[in-house]
**Q** 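Below: one structure in structure tokens.
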Amino acid sequence: MPDRRTTRGVAIVGTGQTRYQHRYPNMPYRDLVFAAVNRALEDACMAIDRVDAVVYPMAPDALIGVSHAERWAADAVGALGKPFMRVNTGGVTGLSAVQAGYDLVASGLYDVVMVAGADRVGESGEAQEIMNCIWDPFFERSLPLTTITMLAMQAVRFNLKYGADERDMAIVSARSHRNGVLNEYAHIQQAVTVEEVLASASIAVPIKLLDCCPQSSGGAALILCAQELAERFTDRPAWVRGVGHSSETYWIGDRVGPKAESDYAESPALERAANAAYAMAGLTPADMDVAELYAPFSNIEMHAVQDVGLCARGNYMKLSREGAFDRDGRIPINPSGGVLCANPISVTAMVRVIEAALQVRGRAGKHQIPNVHNAIATGCGGDHQYFGAVVVSEHPAQESR
Amino acid sequence: MQTDSKSDNLVFEEKWNLMYRHSAGPIVSHFFRTLKEEAKLVGRFCPKCERVLMPPRSFCDRDFVETERWNDVGPGGTLETFTTVYRGFQGLPDPPYCFGYVLLDGASTAILNYIRGVDLTPGSDGLKALKIGARMRVVYAPKRESKMSDFWFEPA
């Protein structure tokens with residue numbers, strides 16, 4: 001591991017999002033990217049010429065139906081004449097792209113890096129078919145594995161291990177939807193009650209329709225800047241204080257039974273990713289004021305909160321029922337409404353970082369939580385396999401130059 | 001040319017239709033040949049962690065060494081997790097169906113397949129008995145084709 005104290009501080013000086021929605025008849029893919037990039041530039045009072053390099057988050061390109069669509073979008077993200085790279089780690093893609101951009105700035109290679117992309121999940125008539133094709137062709141493809149059935153089997157193990165049930169999952173969904181109403185960019189801006197979630201159709205036991213994220217389209221952008229230049233672009237940046245990633249084995253069946261190193265009920269790799277980010281930041285879970293945790297289904301938030309150390313293992317359900325994770329609770333989780341209210345896959349995990357940065361900068365509008373000093377954002381990708389975490393703060397690290 | 005239902009914009013319809021021939025390699029081929037010819041499941045042994053890996057693989061990701069020999073596993077096993085699906089997914093079988101991971105006797109890791117022989121009506125006695133830890137058994141198809149559909153699980 002490099003000695004992070006010798007690298008320089010990195011600030012988020014601008015962010016931009018479009019409203020997430022099912023389809024965008026008036027804005028083709030490239031236009032969504034262009035809109036998000038321009039909003040981030042405007043937020044940072046910056047011209048595109050000031051950007052030194054571009055990192056492009058893009059998950060399965062089959063979702064938008066243009067193979068290697070980063071080529072098509074490079075002009076829309078201002079890559080002309082600049083270094084350009086695509087990052088893909090499935091669901092965690094957007095957060096991995098932020099880490100790649102962070103490394104480019106922290107290392108001293110570039111001063112200003114644009115991380116921007118978009119997705120159009122609602123435009124494919126057959127998005128499900130793409131997710132049917134992500135499995136091992138010999139042992140798994142002929143079985144009905146999907147991202148939903150895979151994570152339903154996670155929920156079954158979590159619920160048994162910790163005594164949770166479908167009502168606990170419904171509480172997550174109701175809270176997220178309540179929060180989403182306040183977020184002008186959220187795809188779903190409609191509150192639902194716990195009873196409505198419980199009464200919604202069963203998809204894959206124990207996951208119900210209202211426990212699921214929507215298929216969203218939209219663009220997002222974030223500008224990373226070296227510490228010594230940050231004040232030129234904003235008087236209130238969010239400092240990227242810690243980044244971390246870790247992975248589980250591909251094989252879900254290896255994460256069960258007495259010989260398993262981890263239990264599929266939870267994600268030790270997420271715990272490792274978060275702990276790496278906290279350690280690098282010199283902060284602890286108790287220092288976090290807000291968390292934006294990647295949870296495309298209700299059950300994922302339940303293990304994620306425990307795995308990133310925001311409550312003791314087994315305490316999630318009690319705290320959740322008591323409102324500890326509500327907007328006015330001890331540690332608000334997903335005040336943006338989270339992934340349950342918008343999932344533009346390629347940028348979803350970056351939106352978690354954007355939302356954490358907005359909270360730290362006091363710019364989250366109607367869903368702003370008061371007095372946010374530090375926040376954590378996470379992402380999950382692969383077959384619940386790759387995990388990443390980013391810690392942002394209102395202050396730069398003391399030991400940074 | 002179509003137009004969008006909510007705007008005047010033109011819509012260009014495109015299709016991807018791709019075919020692949022995945023070469024299975026010797027380890028996977030042996031597993032499926034044994035399944036077809038002997039109605040038997042076999043896993044690969046890792047000499048370092050001494051796990052019997054299912055599905056079988058040429059190397060152990062935990063120890064980063066090649067696996068060494070074949071071990072017979074099953075036909076009994078323990079249910080580790082499962083789900084029952086009541087809503088149709090595009091490109092997947094008609095619901096309802098149930099499938100899950102079973103840790104076969106003699107194996108160290110669980111393998112996925114359909115669970116049959118259970119009444120999938122919500123609230124049925126069969127579903128109530130289907131729990132993590134439940135004992136299962138492998139059932140082999142009478143006519144086998146070297147595919148995962150050559151076997152499935154039923155409550156023991």
Side-chain angles (χ1 to χ4, degrees), chain A residues 23 25-28 62 65-67 123-133 135-146 148-161 201-209 249-261 264-265, chain B residues 3-9 11 13-16 18 20 22 24-25 28-29 31-32 49-57 61-62 78 80-87 89-93 95 97-103 107-114 122 127 131-133 147-149:
Chain A
R23 298 192 56 220
N26 282 321
M27 288 172 84
V66 178
S67 192
E123 198 153 83
S124 168
E126 296 171 340
Q128 181 60 51
E129 300 269 15
I130 297 152
M131 294 307 177
N132 296 348
C133 296
W135 310 99
D136 176 277
F138 312 114
F139 298 104
E140 296 175 335
R141 274 286 294 282
S142 59
L143 294 166
L145 271 176
T146 66
I148 301 178
T149 54
M150 150 185 111
L151 294 175
M153 289 194 261
Q154 186 279 335
V156 170
R157 283 189 78 84
F158 181 93
N159 289 358
L160 180 72
K161 182 168 184 175
S202 174
I203 303 294
V205 178
I207 294 176
K208 298 186 167 68
L209 182 63
T249 170
Y250 170 76
W251 300 100
I252 291 169
D254 287 21
R255 302 181 222 161
V256 299
K259 293 272 181 83
E261 283 184 334
Y264 189 48
Chain B
T3 52
D4 188 88
S5 58
K6 289 180 188 161
S7 69
D8 286 335
N9 298 306
V11 171
E13 188 172 306
E14 300 282 342
K15 258 195 177 317
W16 287 17
L18 309 170
Y20 298 88
H22 297 288
V28 173
S29 297
F31 171 86
F32 281 107
C49 66
E50 301 188 330
R51 288 186 305 165
V52 175
L53 300 174
M54 286 289 282
R57 301 147 228 180
D61 61 351
R62 190 183 290 180
T78 306
E80 289 290 343
T81 190
F82 65 102
T83 184
T84 312
V85 178
Y86 293 102
R87 170 72 69 100
F89 288 94
Q90 196 171 30
L92 294 179
Y97 52 81
C98 181
F99 69 126
Y101 284 91
V102 171
L103 185 64
S108 309
T109 65
I111 190 164
L112 184 67
N113 216 327
Y114 282 103
L127 275 179
K131 288 178 177 155
I132 292 175
K147 290 178 176 173
M148 284 300 280
S149 53

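Throughout, protein chains are lettered first and strands after them, A, B, ... in sequence-line order, and every chain is numbered starting at 1.
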**Q** Which answer fits Thr249(A), side chain, backbone, both or neither, if we ask what part of it has an atom under 4.5 Å from a heavy atom of chain B?
**A** both
**Q** With only heavy atoms counted, which part of Lys15(B) is less than 4.5 Å from chain A, the side chain, the backbone, both or neither?
**A**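 Contact with chain A: side chain only.
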**Q** Using a cut-off of under 4.5 Å on heavy-atom pairs, state which of Ala204(A), Ala127(A), Ala155(A) scores highest against chain B.
**A** Ala204(A)
**Q** If you count heavy-atom pairs under 4.5 Å between each of Leu143(A), Thr146(A), Ile207(A) and chain B, which one has the most?
**A**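 If we count pairs closer than 4.5 Å to chain B, Leu143(A) comes out on top.
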**Q** Tell me, for Ile203(A) versus chain B, whether the close heavy atoms (under 4.5 Å) come from the side chain, the backbone, both or neither.
**A** both
**Q** Can you say whether the rings of Phe139(A) and Phe31(B) are parallel (under 30°), tilted (30 to 60°) or perpendicular (over 60°)?
**A** perpendicular
**Q** Any side-chain heavy atom of Tyr20(B) sitting closer than 4.5 Å to one from Pro137(A)?
**A** no
**Q** Considering only heavy atoms, which portion of Arg255(A) lies under 4.5 Å from any heavy atom of chain B: side chain, backbone, both, or neither?
**A** neither
**Q** Looking at every heavy atom in both Leu103(B) and Pro258(A), which two are closest together, and how far apart are they?
**A**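 Residues Leu103(B) and Pro258(A), closest heavy atoms: CD2-CD, 3.7 Å.
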**Q** Please give me the minimum heavy-atom distance between Gly91(B) and Glu129(A), naming the atom from each residue.
**A** CA-OE2, 3.5 Å
**Q** Decide, yes or no, whether a salt bridge links Asp254(A) with Arg57(B) under the criterion of side-chain N to carboxylate O below 4.0 Å.
**A** yes
**Q** What's the separation between atom CZ in Arg157(A) and atom CD in Glu80(B), rounded to the nearest 0.5 Å?
**A**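 Interatomic distance, Arg157(A) CZ to Glu80(B) CD, rounded to 0.5 Å: 5.0 Å.
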**Q** Return yes if some donor-acceptor pair links the side-chain N/O of Trp16(B) with the main-chain N/O of Ala62(A) below 3.5 Å, else return no.
**A** no
**Q** Would you indicate whether the side-chain heavy atoms of Pro144(A) and Pro93(B) approach each other to under 4.5 Å?
**A**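 Touching, per the 4.5 Å side-chain cut-off.
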**Q** What's the separation between atom CD1 in Ile252(A) and atom CG in Leu112(B), rounded to the nearest 0.5 Å?
**A**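 Those atoms lie 8.0 Å apart.
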**Q** Of all the heavy-atom pairs spanning Ala110(B) and Val256(A), show the shortest one and how long it is.
**A** CB-CG2, 3.6 Å
**Q** Quick one: closest heavy-atom pair of Thr83(B) and Val205(A), and the distance?
**A**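 In this case the closest contact between Thr83(B) and Val205(A) is OG1-O, 2.7 Å.
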**Q** How long is the span from the CZ atom in Phe89(B) to the CG atom in Leu145(A), to the nearest 0.5 Å?
**A** 11.0 Å
**Q** Tyr114(B) versus chain A, heavy atoms under 4.5 Å apart: side chain, backbone, both or neither?
**A**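 Backbone plus side chain of Tyr114(B), per the 4.5 Å heavy-atom cut-off to chain A.
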**Q** Could you check Tyr250(A) against Asp61(B) for side-chain contact (heavy atoms from CB on, under 4.5 Å), going step by step and ending with a plain yes or no?
**A** CA-CA 9 Å; Tyr250(A) 170 76; Asp61(B) 61 351; over 6 Å; no
**Q** Please classify the contact between Asn113(B) and chain A as side chain, backbone, both or neither, with a heavy-atom cut-off of under 4.5 Å.
**A** both
**Q** Measure from the side-chain N and O atoms of Thr81(B) to the backbone N and O of Met153(A), and report whether any donor-acceptor pair falls under 3.5 Å.
**A**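 Checking the backbone N and O of Met153(A) against the side chain of Thr81(B), a donor-acceptor pair under 3.5 Å is found.
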**Q** Heavy atoms only: give me the nearest Pro55(B)-Trp251(A) pair and the separation to one decimal.
**A**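 In terms of heavy atoms, the two residues are closest at CG-CZ3, 3.6 Å.
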**Q** Considering non-hydrogen atoms only, spot the tightest contact between Arg87(B) and Ser202(A) and give its length.
**A** CB-O, 3.7 Å
**Q** Under 3.5 Å, side chain of Asn132(A) to main-chain N/O of Gln90(B), donor-acceptor pair present?
**A**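 Checked: pair present.
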**Q** In terms of heavy-atom pairs under 4.5 Å, which option from Arg62(B), Met54(B), Glu14(B) contacts chain A the most?
**A** Arg62(B)
**Q** Is the shortest heavy-atom distance from the side chain of Phe32(B) to the side chain of Phe138(A) under 4.5 Å?
**A** yes
**Q** Can we say Glu50(B) and Lys259(A) salt-bridge, meaning some charged N sits less than 4.0 Å from an Asp/Glu carboxylate O?
**A**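 So Glu50(B) does not pair with Lys259(A) through a salt bridge.
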